[in-house]
Amino acid sequence: MGLGSDMYRQQILDHYKNPRNYGELEDPDIEHVGENPMCGDTIKVSFIGDGCAISQASASMLSGELRGESLSAVREMDRDDIVDMLGVDLSPMRIKCAVLAEKVAQDGVAIHQGEDVEVTKTE
Ligand code: FES
């Protein structure tokens, strides 16, 4: 992780240790799985995940941010939104971790809308 205030770092650690909205949804409308090909860690949205602090904190925070959002709003998110949400500077390697949950959510929406996506990978 690059520069960033202690507050943001603590928030990331808190979401990593105490992930929000973690667990399987019963009968979800959208279910999709993705992975960070650099390390093979996976996140599913509602979410269930297993990975580094950045990927899990990002999924936890995003799971709160996405509540009540429209599907088009989910699709319009970009990596800057995730970096802003996390509030820390990240190396290119760690950006892949940070955007994994966002990518999974967006690809899940795309599938729900009839598009052809298999496994999500961060680039
Ligand atoms: Fe695997 Fe970050 S190192 S998701």
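Keep in mind the model is a prediction, meaning the values are calculated, not measured. Counting starts at 1 for both ligands and their atoms, in listed order.
Less than 2.8 Å away from atom 1 (Fe) of ligand 1, the protein contributes these N/O/S atoms: Cys39 SG, Asp41 OD2.
The salt bridge (charged side-chain N to carboxylate O under 4.0 Å, His left out) contacts involving residues 64-75 comprise Arg75-Glu115, where partners must be two or more places apart or lie in separate chains. Among residue pairs with one or both ends in residues 99-114, those qualifying as salt bridge (charged side-chain N to carboxylate O under 4.0 Å, His left out) are Lys103-Asp107; sequence neighbours excluded.
Within the 4.0 Å heavy-atom shell around ligand 1 one finds Arg94.
Among residues two or more places apart in sequence or in another chain, the side chain to side chain contact (heavy atoms under 4.5 Å, CB included) test is passed with Asn18 by Asp14, Arg20.
When all heavy atoms of Tyr8 and Leu86 are compared, the closest pair comes out as CD2-O, 3.4 Å. Considering every non-hydrogen atom in both Val74 and Gln106, the closest pair reads O-NE2, 3.0 Å. Here the closest non-hydrogen pair linking Asn21 and Ser63 is ND2-OG, 2.8 Å.
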